[in-house]
Amino acid sequence: MKQPQPINRHTIAVLVDNEPGILARVVGLFSGRGYNIESLTVAEVEQAEQLSRITVVTSGTEQVIEQIKAQLGRLVPVHKVHDLTSEGPHVERELALVKVAGTGDKRVESLRIADIFRARAIDSTTESFVFEITGSQEKVNAFVALMIPLGLVEVSRTGIVAISRGASGF
């Protein structure tokens, strides 16, 4: 009997023309085939050449990931597709804004935990804080979990951004 292939998380970076509709086509490729997108970020990275970088985090077997990369590479304003997970060391980060409401000891404790996590208070009222935290997805998740009993109100996250380590570029 054949062993099932493991399902692994992959971070894929895609360099595309910055034009209307390309994001919808990339997302459509995933949804049309039943692939899940765990995180998605998009931003213009080269204004002169009008290029954007799409970073997609998805999970699948090696066969599924290879199929996703091949299909992305066939889309017409896609210039390059890199599976950062497979290609070697890379750095991933996420930014989150975390609103916490509370007074007294809970307020003091939320500031103490924020300091430990190197989160910055970017807005403050007498009854709430908005913290900015940057780091790995695990770090952001841990910070949010600790804020729940202290009065977590709302979380806004950017999704994963990633780049390969070393001197070479995209």
Side-chain angles (χ1 to χ4, degrees), residues 1-99 113 117-119 131-148 152-170:
M1 189 161 109
K2 189 177 179 181
Q3 288 283 3
Q5 285 188 332
I7 295 176
N8 295 312
R9 179 180 169 274
H10 284 256
T11 302
I12 300 171
V14 186
L15 191 65
V16 300
D17 287 341
N18 186 11
E19 63 182 45
I22 182 59
L23 180 60
R25 291 171 62 198
V26 168
V27 170
L29 183 151
F30 279 81
S31 65
R33 289 159 182 81
Y35 304 144
N36 187 41
I37 295 175
E38 296 173 22
S39 174
L40 175 69
T41 58
V42 184
E44 186 174 64
V45 291
E46 291 187 29
Q47 194 170 18
E49 296 182 41
Q50 294 186 323
L51 296 175
S52 289
R53 182 180 179 124
I54 300 173
T55 304
V56 180
V57 178
T58 189
S59 293
T61 63
E62 287 304 315
Q63 181 180 359
V64 166
I65 298 299
E66 289 303 318
Q67 188 175 30
I68 288 170
K69 292 187 310 191
Q71 290 169 349
L72 283 170
R74 286 195 290 270
L75 285 178
V76 171
V78 169
H79 295 276
K80 293 181 185 176
V81 176
H82 285 281
D83 182 352
L84 297 173
T85 303
S86 295
E87 292 177 11
H90 65 284
V91 178
E92 293 185 6
R93 290 293 179 266
E94 182 175 15
L95 173 123
L97 300 178
V98 180
K99 186 185 294 183
I113 291 171
F117 277 80
R118 293 187 179 97
F131 294 109
E132 174 188 80
I133 183 166
T134 306
S136 68
Q137 191 174 32
E138 294 78 16
K139 176 183 175 180
V140 173
N141 289 342
F143 181 74
V144 169
L146 288 171
M147 291 296 129
I148 291 171
L152 180 69
V153 174
E154 185 177 2
V155 178
S156 179
R157 298 173 79 148
T158 60
I160 303 290
V161 293
I163 197 163
S164 63
R165 295 188 65 202
S168 63
F170 207 113

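The shown structure was predicted, so the numbers you read here are calculated from the model rather than taken from an experiment.
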Trainee: Indicate yes or no: at least one non-hydrogen side-chain atom of R93 is less than 4.5 angstrom from one of L95.
Mentor: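 Result no, sub-4.5 Å side-chain heavy-atom pair not found.
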Trainee: Quick one: CG on L51 to CD on E46, what's the gap to the nearest 0.5 Å?
Mentor: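 Rounded to the nearest 0.5 Å, the CG-CD separation comes out at 5.0 Å.
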Trainee: Determine whether a donor-acceptor pair (N or O, by modelled atom type, separation under 3.5 Å) exists between the side chain of T61 and the backbone of Q5.
Mentor: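 Pair absent, no side-chain N/O of T61 close to backbone of Q5.
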Trainee: Is it the case that the side chains of T11 and E92 hold a donor-acceptor pair, with the cut-off being a distance below 3.5 Å and no angle test?
Mentor: yes
Trainee: Look up atom CD1 in I22 and atom CD1 in I54, then write down how far apart they are to the nearest 0.5 Å.
Mentor: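 The CD1 atom of I54 is 6.0 Å from CD1 of I22, to the nearest 0.5 Å.
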Trainee: Could you tell me whether the side chains of R33 and Q71 share a donor-acceptor contact shorter than 3.5 Å?
Mentor: yes
Trainee: Do F30 and L40 have side chains that get closer than 4.5 Å, going by heavy atoms?
Mentor: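 Side chain of F30 against side chain of L40, heavy atoms only: no contact under 4.5 Å found.
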Trainee: Calculate, to the nearest 0.5 Å, the distance between atoms CG and NZ belonging to L152 and K99 respectively.
Mentor: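 One gets 10.5 Å once the value is rounded to the nearest 0.5 Å.
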Trainee: Once you round to the nearest 0.5 Å, how far does CD of E138 lie from CD of E94?
Mentor: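 Output value for this atom pair is 9.5 Å.
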Trainee: Less than 4.5 Å apart, side chain to side chain, heavy atoms only: is that true for R25 and V16?
Mentor: no
Trainee: Is there a side-chain contact (heavy atoms from CB on, under 4.5 Å) between D17 and H79? Walk through the geometry before answering.
Mentor: CA-CA 8 Å; D17 287 341; H79 295 276; 2.4 Å; yes
Trainee: Looking at Q50, I'd like to know if its CD atom is crowded, meaning that more than 12 non-hydrogen atoms belonging to other residues, nucleotides or ligands lie closer than 6.0 Å.
Mentor: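 No.
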Trainee: Counting only N and O atoms by type, is there a donor-acceptor contact under 3.5 Å from the side chain of E87 to the main-chain atoms of D83?
Mentor: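 Judged by distance alone, yes, a pair lies under 3.5 Å.
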Trainee: Shortest non-hydrogen contact from R9 to S59?
Mentor: CA-OG, 3.6 Å
Trainee: Measure across A13 and L84 and return the closest heavy-atom pair with its distance rounded to 0.1 Å.
Mentor: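 Result for this residue pair: CB-CD1, 4.1 Å.
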Trainee: Which atoms form the tightest heavy-atom contact between T55 and A162, and what is the distance?
Mentor: CG2-N, 4.2 Å
Trainee: Of all the heavy-atom pairs spanning V140 and A96, show the shortest one and how long it is.
Mentor: CG1-CB, 3.7 Å
Trainee: Run F131 and F143 through side-chain contact (heavy atoms from CB on, under 4.5 Å) and show every step you take.
Mentor: CA-CA 10 Å; F131 294 109; F143 181 74; 4.0 Å; yes
Trainee: On a heavy-atom basis, which atom in G159 and which in S39 lie closest, and how many Å separate them?
Mentor: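 Scanning both residues completely, I find the closest heavy atoms to be CA-OG, 3.2 Å.
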Trainee: Is a side-chain donor or acceptor of T41 paired with a backbone partner of V161 at a separation under 3.5 angstrom?
Mentor: no
Trainee: Take R157 and N141, measure what side-chain contact (heavy atoms from CB on, under 4.5 Å) needs, and give me the verdict at the end.
Mentor: CA-CA 10 Å; R157 298 173 79 148; N141 289 342; 2.8 Å; yes
Trainee: Is there a side-chain contact (heavy atoms from CB on, under 4.5 Å) between R53 and K80? Walk through the geometry before answering.
Mentor: CA-CA 10 Å; R53 182 180 179 124; K80 293 181 185 176; over 6 Å; no
Trainee: Around Q63, counting heavy atoms of other residues, nucleotides and ligands shown, do more than 12 lie under 6.0 Å from its CD?
Mentor: no
Trainee: Would you say the side-chain atoms of K69 pair up with the backbone N or O of H82, donor to acceptor, closer than 3.5 Å?
Mentor: no
Trainee: So which atom in S52 and which in E44 form the shortest heavy-atom distance, rounded to 0.1 Å?
Mentor: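 Taking S52 first and E44 second, the nearest heavy atoms are OG-CA, 3.5 Å.
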Trainee: Is the closest side-chain heavy-atom distance between L75 and L29 below 4.5 Å?
Mentor: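 When only atoms from C-beta onward are counted, L29 and L75 do touch, with a gap below 4.5 Å.
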